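Read through the structure below, which is laid out as structure tokens, and then see the notes.
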Amino acid sequence: MTAQPPPPQDPSPQGPDPQFPQHPQTPGGSAPRGDLGADLGAALTFMGTGVVRNWRSLVLPAVIYGAIALALDILSALAGDDDSTGLLGLQGVADVVPDWIPIALAPAQLLLAVAYLVIQLLWTAGTLRFGVDVLRGDRQEPARYFAGDGRVILTIIICGVLTAVGFVLCVIPGLVAMVLLLFAPAATARGTEVAIGDGSRAASARLGTTILACLLVIVASSLGTWLNVLDIVITPFTSLFLLGLFERIQGRALPR
């Protein structure tokens, strides 16, 4: 008997990533994708269960970043930020503070904003790293989530600059950039080589879902505009939500 030829090999240079399972393939088609409700529901479920089941890994960095953010909020209130003063209940304190203290701290408002921007960049990248570990089923030490990959931080900065430029030139380009770049940081954390391109294609493929997700993130993030410390609490939820939704749009299964 003659030997049977070996089965044909997959010509694609890269096979499926075993760390990120695919949805079952349907005959003659690609991985199935749900509708708007199914995708959003799956992303919200992944967000909730991911944080609730693994909250111990986030406590230490969240507490430390939260304490720093609260200190920045207090300094901003003393420097004359009326919103922070009211929300922190510092009206009486602000009345007895010598006048020279707010005057001295007022020029520091820009420095306080930059300091919080650095904290938020590190924390957002760290929570995206946390989300990828949840996808993989890994449990890591809390110190791992004080910061994420440098590529993720750079992607967040690039997306922020492009969006800001779009709003400066005209409001509509800024809105378009905000929607199309929504998944770029998640795509970078996921390990995509061309994160902005792949994130934009995912957003374009499910434009209605992406717009609604963007609105949900804006509403959630608006709470953080009152106090920085609230933003620290909200960030893990928005990061896991966007990461889970990106996975769904890409046709990959989310852990239950």
Side-chain angles (χ1 to χ4, degrees), residues 47-48 50-51 54-95 97 101-131 142-150 152-164 167 174 178 181-182 184-186 189 213-243:
M47 174 194 74
V51 173
N54 304 276
W55 62 270
R56 293 177 181 83
S57 298
L58 289 178
V59 167
L60 180 61
V63 168
I64 292 178
Y65 281 142
I68 296 173
L70 181 60
L72 293 175
D73 284 329
I74 293 174
L75 289 174
S76 295
L78 293 176
D81 188 333
D82 294 336
D83 292 337
S84 297
T85 301
L87 288 170
L88 292 172
L90 296 177
Q91 295 95 332
V93 175
D95 292 338
V97 169
I101 292 182
I103 295 174
L105 289 176
Q109 283 282 10
L110 179 59
L111 294 178
L112 294 176
V114 172
Y116 177 69
L117 177 61
V118 172
I119 294 299
Q120 186 61 20
L121 284 171
L122 295 174
W123 181 228
T124 302
T127 54
L128 284 171
R129 170 178 281 177
F130 167 78
R144 175 173 167 79
Y145 305 121
F146 277 98
D149 190 284
V152 176
I153 296 175
L154 181 60
T155 301
I156 296 172
I157 294 174
I158 292 174
C159 292
V161 170
L162 292 176
T163 302
F167 276 110
M178 181 185 297
L181 299 175
L182 185 66
C214 188
L215 292 174
L216 292 175
V217 171
I218 290 174
V219 171
S221 300
S222 65
L223 300 175
T225 60
W226 295 342
L227 289 175
N228 294 332
V229 68
L230 292 177
D231 210 7
I232 298 296
V233 176
I234 294 167
T235 297
F237 293 94
T238 56
S239 293
L240 264 68
F241 171 67
L242 292 177
L243 181 61

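Any value given below was found using the heavy atoms of this structure, including those in side chains, with hydrogens, waters and symmetry copies removed. Since the structure is predicted, the reported quantities are computational estimates derived from the model, not experimental observations.
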Rounded to the nearest 0.5 Å, how far apart are [atom1] of [X] and [atom2] of [Y]?
{"X": "Gln120", "Y": "Ile153", "atom1": "CD", "atom2": "CD1", "value": "11.5 Å"}
{"X": "Leu230", "Y": "Leu70", "atom1": "CG", "atom2": "CG", "value": "10.0 Å"}
{"X": "Thr127", "Y": "Leu242", "atom1": "OG1", "atom2": "CG", "value": "10.0 Å"}

Exercise. Carefully, step by step, assess Ile64 and Trp123 under the rule side chain to side chain contact (heavy atoms under 4.5 Å, CB included).
Key: CA-CA 11 Å; Ile64 292 178; Trp123 181 228; over 6 Å; no

Quiz prompt | Minimal non-hydrogen separation, Asp73 against Val229, with atom names | solution = OD2-N, 3.2 Å

Practice problem: Looking only at non-hydrogen atoms, find the nearest pair between Leu243 and Gly131 and report the distance. | Solution: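 The answer is CD2-C, 3.3 Å.
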
Quiz item: Donor-acceptor pair, Asn228 side chain versus Tyr116 backbone, under 3.5 Å?
Solution: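 No, Asn228 side chain to Tyr116 backbone: no donor-acceptor pair under 3.5 Å.
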
Looking at side-chain heavy atoms only, is the closest gap between [X] and [Y] below 4.5 Å?
{"X": "Ile68", "Y": "Ile232", "value": "no"}
{"X": "Leu128", "Y": "Pro185", "value": "yes"}
{"X": "Ser57", "Y": "Phe130", "value": "yes"}
{"X": "Tyr145", "Y": "Leu60", "value": "no"}
{"X": "Val152", "Y": "Arg129", "value": "no"}

Please tabulate, for the side chains in residues 155-162, all donor-acceptor contacts under 3.5 angstrom to protein atoms that are two or more places apart in sequence or on a different chain.
{"unit_1": "Thr155", "atom_1": "OG1", "unit_2": "Arg151", "atom_2": "O", "d": "2.8"}
{"unit_1": "Thr155", "atom_1": "OG1", "unit_2": "Thr188", "atom_2": "OG1", "d": "3.0"}

Practice problem: Using the test side chain to side chain contact (heavy atoms under 4.5 Å, CB included), find all partners of Val118 that sit at least two apart in sequence or belong to another chain. | Solution: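 With neighbours one apart ignored, the set is Leu122.
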
Practice problem: Flag yes if more than 12 heavy atoms outside Phe146 fall under 6.0 Å of its CZ atom; otherwise flag no. | Solution: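 Enclosed: over 12 neighbouring heavy atoms sit under 6.0 Å from CZ of Phe146.
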
